[in-house]
Each structure stands twice: as C-alpha cells, then as structure tokens.
Amino acid sequence: MPSFKEKVLEVVKKIPKGKVLSYKEVAKKAGNEKAFRAVGSILNKNLDPNIPCHRVIRSDGKVGGYNRGIKLKLQLLKQEGVKVKK
DNA sequence: CGTATGACGTGCA
DNA sequence: GTGCACGCCATAC
C-alpha cells in the first residue's frame, strides 16, 4: 500500500518527455486532487534523480520552484520544448 | 499525538 | 492586471 507520497513520485516518474503536468493533475492521479499542496511538499523533501520533478508546474503556467535551482528547471523545460509563462 | 511547514490554488480588493 | 490573504492536504519533527 504505497503512501500518497509514493504514488505522487510514481506518477511524476511516468510523465513522458516533453509533457508537463500541474500539481493538481498529479495530485488527482495520486488519488487526491485536493492534496496538490502536499504534492509540492513531498517533491521538495524527496528529491530523486529518477523522478522528472521539473515537469511538474503550477496550474497558472508558472514553473513554481525547483529544489535543484529554478534556473535549471527552466532550462530543462525549454530543452524539452515546454514553454513557461511568467 | 499535536504542531509547524511547504515546489499550491482560488478569491477578492 | 497585480497583489494580498485564506484554505487545503500530507509529511516531518
């Protein structure tokens, strides 16, 4: 019985290249759309090289943040062809 | 077990 | 259109 945290990590891990999901979408896929708040906290505390957490952005279209450096996240997204607002 | 924290989201001024 | 404040859930201590 994977915890919500594990579920979120798994969902993010399954995000295809060049695709980005909002925290809300990830939370929904994890089983609780209202837990988008926890999703961010979890990803921030659990940094994993196997998890493309840089593909998770805010619903506003903003990148939000990145534990490895927001700059790197922007660069990675741009590299995959994903444009970010603001 | 209870408190504090956080990569968010939405609403209102 | 921008900025501020509140509410939300899960995790960590």
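Each chain gets a letter, A, B and so on, in the order its sequence line appears, and its residues count up from 1. FYI, side chains are in, hydrogens and waters are out, and symmetry mates aren't considered; it's all heavy atoms of this structure.
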note = Span of DNA chain B engaged by chain A, first through last nucleotide within the 4.0 Å heavy-atom cut-off, is B:dG6 to B:dT10

inquiry  = Tell me which residues in residues 3-25 of chain A lie within less than 4.0 Å of DNA chain C, going by non-hydrogen atoms.
reply    = A:S3, A:F4, A:K5

ask   = Under a 4.5 Å side-chain heavy-atom rule over Ile, Leu, Val, Met, Phe, Trp and Tyr, are A:I57 and A:V26 clustered together?
value = no

key: For A:A30 against A:V8, the heavy-atom pair lying closest together   = CB-CG2, 3.6 Å

task = Using the salt bridge (charged side-chain N to carboxylate O under 4.0 Å, His left out) rule, collect all pairs that involve residues 50-65 of chain A, keeping only residues at least two apart or in two chains.
result = A:R55-A:E80, A:R58-A:D60

message = Would a single hydrophobic cluster contain both A:V63 and A:V20, if residues Ile, Leu, Val, Met, Phe, Trp and Tyr are joined by side-chain heavy-atom contacts under 4.5 Å?
response = yes

task = Kindly compute the distance separating CG (A:D48) from CG (A:L43), expressed to the nearest 0.5 Å.
result = 10.0 Å

note = Residues of residues 31-40 of chain A with a heavy atom under 4.0 Å from any atom of DNA chain B, listed by number, are A:F36, A:R37, A:A38, A:G40

Hphob cluster co-occupancy, A:L21 + A:F4, side-chain heavy atoms under 4.5 angstrom = yes

remark   = For A:Y66, the hydrophobic cluster (side chain heavy atoms closer than 4.5 Å, chained through members) also holds A:L72, A:L76

request  = Quick one: which residue pairs count as a side chain to side chain donor-acceptor pair (under 3.5 Å) with a foot in residues 4-26 of chain A, not counting sequence neighbours?
outcome  = A:K5-A:N46, A:E10-A:K14

task = Quick one: list whatever passes side chain to side chain contact (heavy atoms under 4.5 Å, CB included) with A:L47, sequence neighbours left out.
result = A:C53, A:N67, A:R68

query = Going only through I, L, V, M, F, W and Y residues with side-chain contacts under 4.5 Å, is there a path from A:I15 to A:L77?
reply = no

ask   = Of the non-hydrogen atoms in A:V39 and A:A27, which two are nearest, and what is the gap between them?
value = CG2-CB, 3.6 Å

task = Give, ordered by number, those residues of residues 42-51 of chain A having at least one heavy-atom distance below 4.0 Å to an atom of DNA chain B; if nothing qualifies, reply none.
result = A:L43, A:N44

inquiry  = Strictly by side chain to side chain donor-acceptor pair (under 3.5 Å), give each pair with a member in residues 26-37 of chain A just once, sequence neighbours left out.
reply    = none

